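Source: prediction; values computed, not measured.
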Amino acid sequence: MLACRKHPAQCRCDPKLKDVFKMAQVSFSIRIVNENGDPVVGEMVHIGYYRILQGWDEAGTDDDGWAEFTGPSHIGTVTVRGVQLNDADFSVEDGDTFSFTLSD
């Protein structure tokens, strides 16, 4: 779910601006592994967006630990089981892949 900063609950921006928001989205993948490097299967990965667009998204990991996303090109938080896995905000480009370790 995404919204602009001006209308966080429900975006009421000009439809042309909404098209710009859609164009600014990228596809990327996040892999979650345990401390042994094995994939974490069936976990929900929560992504928080906090720049021009704000909101969140979530996706479950597949049999190899991958979760697929399409969203804004700046990530604020990556959370699994209520644990934030990233130390700082980061930018993504279309097709990027990232891996995070979930401690047991």
Side-chain angles (χ1 to χ4, degrees):
M1 169 182 239
L2 294 175
C4 69
R5 280 186 182 249
K6 188 173 181 183
H7 308 108
Q10 182 179 16
C11 186
R12 300 179 297 275
C13 293
D14 182 293
K16 291 179 184 173
L17 186 55
K18 289 182 183 180
D19 289 341
V20 170
F21 289 163
K22 288 179 187 174
M23 290 186 325
Q25 294 189 16
V26 295
S27 295
F28 57 96
S29 303
I30 293 178
R31 187 173 195 223
I32 307 298
V33 297
N34 64 21
E35 292 174 327
N36 295 327
D38 299 322
V40 176
V41 178
E43 287 289 342
M44 292 303 294
V45 180
H46 303 269
I47 303 294
Y49 305 105
Y50 301 111
R51 286 266 173 121
I52 295 171
L53 296 178
Q54 58 185 7
W56 58 272
D57 197 2
E58 61 185 8
T61 57
D62 64 15
D63 290 342
D64 201 28
W66 288 101
E68 307 290 328
F69 294 93
T70 298
S73 60
H74 190 83
I75 307 300
T77 58
V78 177
T79 307
V80 176
R81 297 183 195 160
V83 176
Q84 183 173 332
L85 302 179
N86 60 315
D87 295 330
D89 296 3
F90 60 98
S91 296
V92 298
E93 294 186 16
D94 200 43
D96 275 355
T97 60
F98 301 91
S99 181
F100 294 94
T101 302
L102 181 65
S103 298
D104 294 327

Decide yes or no for [X] and [Y]: does some side-chain heavy atom of the first lie under 4.5 Å from some side-chain heavy atom of the second?
X: D89; Y: H74; answer: yes
X: I75; Y: Y49; answer: yes
X: L85; Y: L102; answer: yes
X: E43; Y: I32; answer: no
X: V40; Y: V80; answer: no

Could you walk me through whether S27 and T70 satisfy the side-chain hydrogen bond (donor to acceptor under 3.5 Å, both in side chains) test, starting with their C-alpha distance in whole Å, then the side-chain angles of each, then the deciding distance to 0.1 Å, before giving a yes or no? CA-CA 4 Å; S27 295; T70 298; 3.1 Å; yes
Nearest 0.5 angstrom please: [X] [atom1] to [Y] [atom2], how far?
X: M44; Y: E58; atom1: CE; atom2: CD; result: 4.0 Å
X: S103; Y: E35; atom1: OG; atom2: CD; result: 4.0 Å
X: F69; Y: Q25; atom1: CZ; atom2: CD; result: 13.0 Å

Side-chain heavy atoms nearer than 4.5 Å, only ILVMFWY residues, links allowed to pass through others: does that put [X] and [Y] together?
X: V41; Y: V83; value: no
X: V45; Y: W66; value: no
X: V33; Y: I30; value: no

Intermediate values then yes/no, side chain to side chain contact (heavy atoms under 4.5 Å, CB included), F90 and V78: CA-CA 10 Å; F90 60 98; V78 177; 3.9 Å; yes
May I ask you to check whether over 12 heavy atoms, not counting those of E93, lie within 6.0 Å of atom CD?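 Result for CD/E93: open.
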Counting only heavy atoms not in D63, do more than 12 fall under 6.0 Å of its CG?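 Count not over threshold, so no.
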What is the minimum heavy-atom distance between P39 and G65, and which atoms define it?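 Nearest pair, atom of P39 first, then G65: CB-N, 3.5 Å.
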I'd like to know if the side chain of R31 and the backbone of D64 have a donor-acceptor N/O pair within less than 3.5 Å.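 Checking the backbone N and O of D64 against the side chain of R31, a donor-acceptor pair under 3.5 Å is found.
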Sub-3.5 Å donor-acceptor pair from the side chain of N86 to the main-chain atoms of G76, do we have one?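 A pair under 3.5 Å: yes.
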For a quick check under 3.5 Å, do T79 and Q84 share a side-chain donor-acceptor pair by atom type?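 Q84 and T79 do not have a side-chain donor-acceptor pair below 3.5 Å.
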